[in-house]
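One structure is given here, and the rest of the page talks about it.
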2 protein chains.
Amino acid sequence: MLDLPDDILEPPGRSPVARDVARRAGVSTATVSRVLNGSAGVRADKREAVMRAAQDLGFVANGAARALSTRRFMAVGAVVPNIENEAFVRVLSSVQDRLRQAGYTLIAANAGYDLEDELREATFLLERGVDGLMLVGDIHHPDLYARIARSGIPMVQTFSLSREHPCVGFDNAASAARAANYLMDLGHRRIGVISGQRKDNDRGGARVTGIAQALAARGLRLAPEHDIEISYGIGGGRDGFRQMLAGGPAPTAIICGTDQIAFGAMIEARARGLSVPGDLSVIGHNDSDFAPFLDPPLTTIRIHSAEIGHAAGDHLIARIQGRPVVRLTEIDAELILRASTAPPRRGAG
Amino acid sequence: MLDLPDDILEPPGRSPVARDVARRAGVSTATVSRVLNGSAGVRADKREAVMRAAQDLGFVANGAARALSTRRFMAVGAVVPNIENEAFVRVLSSVQDRLRQAGYTLIAANAGYDLEDELREATFLLERGVDGLMLVGDIHHPDLYARIARSGIPMVQTFSLSREHPCVGFDNAASAARAANYLMDLGHRRIGVISGQRKDNDRGGARVTGIAQALAARGLRLAPEHDIEISYGIGGGRDGFRQMLAGGPAPTAIICGTDQIAFGAMIEARARGLSVPGDLSVIGHNDSDFAPFLDPPLTTIRIHSAEIGHAAGDHLIARIQGRPVVRLTEIDAELILRASTAPPRRGAG
DNA sequence: ACGGTTTCTGAAAGCGCTTTCAGATAGCCA
DNA sequence: TGGCTATCTGAAAGCGCTTTCAGAAACCGT
């Protein structure tokens, strides 16, 4: 066999390890590690040598080995009901923002509004090894809490408030109630709700409850035929409103679980010859990008997803690093008034 | 100190390891590993014992140790230009679908249409130890290719075609040209383009080029004042169309980089008293959820993001597992005709 | 009952990094 | 220059799993 210099002999399959850097720099792997992790107490010349050797070799520390050794994965998991939903995408993106700054990676997973699936996905993340976990909502599989507790990693819930678990969110019932009160103040008395799936979804459920209670507080009730649960999306909104009309006298105002649903309902209303807001006031949830551009612009409950994400990210990082945190961070939703709401026509209320 | 049974003495901080399971089941860690990884050749009674012990202890294998030992991280990275963009979210979601089935995890990162940022993010993923990498487009930092090569992991590009690198996508120039030809067939002769950022974005660039060439092939040209580059989003679309009108005679048709841009352009057109498609035909890109629900429903180039994601996921898994793959998978985009396009008014062309 | 297989199993050697610990060096003052 | 700190440094011991290898156990036919 020919005697070639190391650089060339090196089979391309094997990437350089700390040992190689150490050899090349004429130091031990301990020193390599010290240099590469910025710990003080390495003489300048050796530090220099290590740096150069690492550079030359294109050395990249093996993440698994590091994780095994430090018992830190430098990763945080997040399980959201629907990874394609605008609000959740935004929260993921903002959590990641914060994590990235702290050197952490976000691993996102999809639970599809199903507690069992959520348990499966979260378990998967836990097995992979994450240093923290973000969940959505306050209702989860009991086993999930047990597993999280056993794993000993911090967890934070988002988008709703909780008295049991650390959380960053808002009071879904209260904010929906606020919308209902606003409609009642305008003079509406027949108010309907079109929500997405409520099963395994405390936010959706709380919103409807909040609305029902707000109505009750003023001597009104949420008629069953005006309380519709459909699948998310524009199509869902159309179907939902159609269904509502089929059920009896039309409401003069509706509150929808998302802006997409509201959009669908508005389309259906128009198709039925109802004008918005003349015949029907519509309120959405989320303040999606398109909400101000609908015709008419949509009144909606703005959920500050980005802020929630930032706060959740900060919370997890802090706990991972052993810093103190507040258990509950409230980032209130906000009713954004636009043109899709107005007083009911005289005599219609 | 009291003599309590192991179960209780166990400090909650330390989670059980294979050794604990082995001890409890009365076998060695080798056997534990064999059982938990489903490898054959373990007698039924021992297998049973291990299973129960693992169950009782709530044992979860340490991912880092496993990764270190098997040299498989069981994770794939994906860097997309904008994690909040519908098309990319969909692709991520469908890649993840496939990965999940194969037991892999997706780690997504955001490049923000910037080659340097993309390099940074991808490097970060590489350092973490992903087993494969998905990128968007065929234009990347040269160092990135070098690092991927050195790391020896498979990479696949998406959303465009490439002769150099494995890819799953479509011919952006050709599909945009198809849209232009369709408009010309309708009789349009003044056709404009509103695209998102083109720098560091081969897809956007290719689309405009494709349109310009299609026009040229019929003796027309893309006037500079009809070639607008703006930021993505509905607002961008409005601004873009406004800018286009300021530049000179209005086009009779426009092709937009996304449906959001098209939506914005339509809003602006209406605000200017132009009717769609009467005075202006509009074509978008992506076939977003809302496209069929706009007024009028939007003609658009449907990009099969989910299929692209599935194919990309399959491609990576196959290569990770050493199975053969095709270098180039074409998943053609499709022109979806709706009501936002029509022949130009007589004499306007 | 016995040698020859075939199956199972455990000891032990990694995987590549971090970190402790003790020894080596350098620095300093008298 | 010698002795005593204050710094640096490397050897080695993990981290928790997988996997090889060789020995033990079980099985078989005669």
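Note that these values count all heavy atoms, side chains included, but never hydrogens, waters or copies made by symmetry.
- For B/Asn37, a side-chain nitrogen or oxygen approaches OP1 or OP2 of D/dT18 to under 4.0 Å.
- At the heavy-atom level, B/Ala30 lies under 4.0 Å from base atoms of the strands shown.
- Contacts of A/Thr31 with the nucleic acid, taken as non-hydrogen atoms under 4.0 Å apart, involve only primed sugar atoms and P, OP1 or OP2.
- Heavy atoms of A/Ser33 sit under 4.0 angstrom from at least one base atom.
- Both B/Arg34 and B/Ala64 lie near DNA chain D, and the one whose nearest nucleotide falls closer to the 5' end is B/Ala64.
- For B/Asn62, the listed nucleotide lying nearest its side chain is D/dC17; candidates were C/dC15, C/dT18, D/dC17.
- Between A/Val79 and A/Leu125 the shortest side-chain heavy-atom distance falls below 4.5 Å.
- When heavy atoms are screened at a 4.0 angstrom cut-off, A/Val27 is found touching the sugar-phosphate backbone but no base atom.
- When the C1' atom of C/dT9 is taken as reference, atom NZ of B/Lys46 falls 7 Å away, rounded to whole Å.
- The separation between B/Glu48 atom CD and C/dC8 atom P is 16 Å, rounded to whole Å.
- The listed nucleotides are D/dG10, D/dG16, D/dC17; the one nearest the side chain of B/Ala18 is D/dC17.
- The CZ-P distance, from B/Arg43 to D/dA26, rounds to 6 Å in whole Å.
- Using a distance-only test at 3.5 Å, with no hydrogens or angles considered, a donor-acceptor pair links the side chain of A/Ser94 to the main chain of A/Arg90.
- Residue B/Arg66 places at least one side-chain N or O closer than 4.0 Å to OP1 or OP2 of D/dT18.
- Phosphate proximity of D/dG10 to A/Ser28: present, with a side-chain N or O under 4.0 Å from OP1 or OP2.
- When side chains are defined from C-beta on, B/Arg147 does not count as touching A/Val60, because their heavy atoms never get closer than 4.5 Å.
- The shortest distance between side-chain heavy atoms of A/Thr105 and B/Phe124 falls below 4.5 Å.
- Taking atom CZ on B/Arg19 and atom P on C/dG10, their separation rounds to 12 Å, with Å as the unit.
- Heavy-atom distances to DNA chain C give each of B/Ala65 and B/Val42 a nearest nucleotide, and the one nearer the 5′ end belongs to B/Val42.
- With no hydrogens or angles considered, a side-chain donor-acceptor pair links B/Glu118 and B/His140 at under 3.5 Å.
- Spacing between atom CZ of A/Arg47 and atom C1' of D/dG10 amounts to 17 Å, rounded to whole angstrom units.
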